[in-house]
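Structure first, commentary second.
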There are 2 protein chains.
Amino acid sequence: MKGLTDRQQEILDLIKSNLEENGLPPTRADIARTLGFKSPNAAEQHLRAIEKKGFISILAGASRGIILNTEEDLGIPVIGLVAAGGPILAQENIEKRIPQAQNILSNKIDYYLRVKGDSMVDVGIYENDLIGVNKNNPVKVGSIVIARIGEEVTVKTLESISSKQVVLKAENSEYSNIEINPEKDEIVFEGTCVGLLRDFS
Amino acid sequence: MKGLTDRQQEILDLIKSNLEENGLPPTRADIARTLGFKSPNAAEQHLRAIEKKGFISILAGASRGIILNTEEDLGIPVIGLVAAGGPILAQENIEKRIPQAQNILSNKIDYYLRVKGDSMVDVGIYENDLIGVNKNNPVKVGSIVIARIGEEVTVKTLESISSKQVVLKAENSEYSNIEINPEKDEIVFEGTCVGLLRDFS
DNA sequence: TTGATTACTGTGATTATATACAGTATAATA
DNA sequence: TATTATACTGTATATAATCACAGTAATCAA
């Protein structure tokens, strides 16, 4: 799928805004009028070009027959158990997907992770809660991080970090800290916890 | 806004499914074809009737000019502080609204209530969390209830209930139970807690 | 029993719309 | 250098689509 030119993008945007505001696609004449073309054929040819690049489909003979070829939003994946070895977001780990609810939580969430165990109860994170994970947030001391140590994925508070030692703190007095030497053992920060969802039964 | 007849509802449903599946509204001929009318005018007249009842708008002269008059989904209200005296869902209490994200939490949520104080930390409910409240769930012993005692709204676990005494338990050892005699003091159960949202900053 | 509403058929004029064909001009690509 | 893609104007036309007018028939309320 090649990229659109600026002008083509303008027309695609116009189609989208037309759909959003009026609930129906524009006609060639609509497009020409809005963008100041003196011929509706200018719009026609742009539409053909955009169709050729795969962004829309044109229904032959149908008025306003412009269909957006949007890849559907699958929703945010919910990760249950992480299979040993593979990446967290591997297909086999995805328990289900829940619809992108923008604004329901304020932060950008890349995926939800179902909490196993009670190592974080002292900060109110319980077994079976879903924590919202942001993959790109900077990992800072004091924040709750999702870390992969070897093949295991764990959620802990980052207590301290240096090139020689990383300390992860369990927020439960019955657990002790995890200390890792990153030069010896592999530790990867998969993201930080930015939100939480809980269902009461 | 009067109700639609069965036939009119069928046509409204057809318009909706057409919009969903094809991304554009149907023509009169489309409607006639789908429902087996031999005249497109049958569709035309149904559309006029539906417009008259307020469910759609028809753009004069425009092809496929059918616009759904859907009252927009305001979203689930988030209640911050509850003003003394009035009902919880009073306009002045609504902090904001967050979009209906069906399936994000499994239970039906009538509104979110922002948690004040730390009386429920032992079950992982913290200050500023949003608890999802269902108004109609049966109030049972052991469930977390939203109760109004006089003019104050509080979230507690229902410990026991009888005609002579209601006991509400704070899930924090620093707080003591609240005991109410419903024959003397007014207690109203506003709902039960069925979900929880938390933002990490 | 008159009128209004619902639920259609049937016809046709008018206009809205898609779309082909013929150009002009510029910039990038092979 | 020829070719292709972009970005239009301008004209024309077949057909897609709205929408008005004229009916038929059944149901229901005043």
Side-chain angles (χ1 to χ4, degrees), chain A residues 1-70, chain B residues 1-70:
Chain A
M1 190 129 84
K2 277 183 271 182
L4 296 179
T5 65
D6 289 355
R7 206 54 167 153
Q8 288 164 1
Q9 186 62 53
E10 255 184 279
I11 285 155
L12 186 58
D13 289 343
L14 173 59
I15 296 167
K16 285 180 184 169
S17 74
N18 224 288
L19 277 166
E20 215 164 292
E21 286 162 36
N22 310 322
L24 37 71
T27 65
R28 276 60 162 171
D30 287 340
I31 296 172
R33 201 176 316 116
T34 310
L35 295 181
F37 302 156
K38 293 189 178 160
S39 165
N41 196 40
E44 175 73 24
Q45 288 177 48
H46 273 122
L47 290 175
R48 296 289 163 196
I50 298 170
E51 185 188 35
K52 210 172 161 187
K53 291 182 178 176
F55 291 85
I56 59 171
S57 299
I58 296 174
L59 300 177
S63 68
R64 302 177 191 269
I66 304 169
I67 293 172
L68 293 177
N69 287 346
T70 49
Chain B
M1 191 131 84
K2 276 182 271 181
L4 295 179
T5 66
D6 288 356
R7 205 58 167 149
Q8 287 165 1
Q9 187 62 52
E10 254 185 280
I11 285 155
L12 186 58
D13 289 343
L14 173 60
I15 296 167
K16 285 180 184 169
S17 75
N18 222 289
L19 276 165
E20 217 164 289
E21 285 161 36
N22 311 321
L24 37 70
T27 65
R28 276 57 164 173
D30 288 339
I31 296 171
R33 201 176 315 114
T34 311
L35 295 182
F37 303 156
K38 293 188 178 162
S39 165
N41 197 40
E44 175 73 25
Q45 288 176 48
H46 273 121
L47 290 175
R48 296 289 161 195
I50 298 170
E51 186 189 35
K52 208 171 161 189
K53 290 181 178 176
F55 291 85
I56 60 169
S57 299
I58 297 175
L59 300 176
S63 68
R64 301 175 192 270
I66 303 169
I67 294 173
L68 294 177
N69 287 346
T70 49

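Values below: every heavy atom of this structure, side chains too, minus hydrogens, waters and symmetry copies.
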Could you walk me through whether A/Leu47 and A/Ile31 satisfy the side-chain contact (heavy atoms from CB on, under 4.5 Å) test, starting with their C-alpha distance in whole Å, then the side-chain angles of each, then the deciding distance to 0.1 Å, before giving a yes or no? CA-CA 10 Å; A/Leu47 290 175; A/Ile31 296 172; 4.1 Å; yes
When you check the phosphate oxygens OP1 and OP2 of [N], does a side-chain N or O of [X] lie under 4.0 Å from one of them?
X       : N      : value
B/Gln8  : C/dT5  : no
A/Ser63 : C/dA18 : no
A/Arg28 : C/dA18 : yes
A/Thr5  : D/dA7  : yes

Please give, in whole Å, the distance from [N] [atom2] to [X] [atom1]?
X       : N      : atom1 : atom2 : answer
B/Lys52 : C/dT6  : NZ    : P     : 7 Å
B/Ile11 : C/dT6  : CD1   : P     : 12 Å
A/Asp6  : D/dC8  : CG    : P     : 11 Å
B/Leu24 : C/dT17 : CG    : C1'   : 14 Å
A/Asn18 : C/dT17 : CG    : P     : 11 Å
A/Ile56 : C/dA18 : CD1   : P     : 12 Å
B/Arg64 : D/dA16 : CZ    : P     : 11 Å
B/Asp30 : D/dA17 : CG    : P     : 7 Å

Would a 4.5 Å heavy-atom cut-off, applied to side chains only, mark B/Ile15 and B/Pro26 as touching? yes
Any side-chain heavy atom of B/His46 sitting closer than 4.5 Å to one from B/Phe37? yes
Let's go through B/Lys53 and B/Thr5 carefully: what are the C-alpha distance in whole Å and the side-chain angles of both, what is the deciding distance for side-chain contact (heavy atoms from CB on, under 4.5 Å) to 0.1 Å, and is it a yes or a no? CA-CA 11 Å; B/Lys53 290 181 178 176; B/Thr5 66; 4.0 Å; yes
On DNA chain C, does the nearest nucleotide to B/Gly61 precede the nearest nucleotide to B/Arg7 from the 5' side, or the other way round? Give the residue. B/Arg7
CD1 of B/Ile66 to NZ of B/Lys16: how many Å apart, nearest 0.5 Å? 13.0 Å
To the nearest 0.5 Å, what is the distance between CD1 (B/Ile11) and CD (B/Gln45)? 10.5 Å
Within residues 32-51 of chain A, which residues have any heavy atom lying less than 4.0 Å from an atom of DNA chain C? A/Asn41, A/Glu44, A/Arg48
Between B/Arg64 and B/Pro25, is there a donor-acceptor pair closer than 3.5 Å when you use the side chain of the first and the backbone of the second? yes
Using a 3.5 Å distance criterion without hydrogens, assess whether the side chain of A/Asp30 forms a donor-acceptor pair with backbone atoms of A/Thr27. yes
Identify the heavy atoms of A/Ala32 and A/Ser39 that sit nearest to each other, and give their distance. CB-O, 3.9 Å
So what's the dot-bracket for DNA chain D: Watson-Crick or G-U pairs under 3.5 Å, [ ] if a pair crosses, | if it pairs off-strand? .|||||||||||||||||||||||||||||
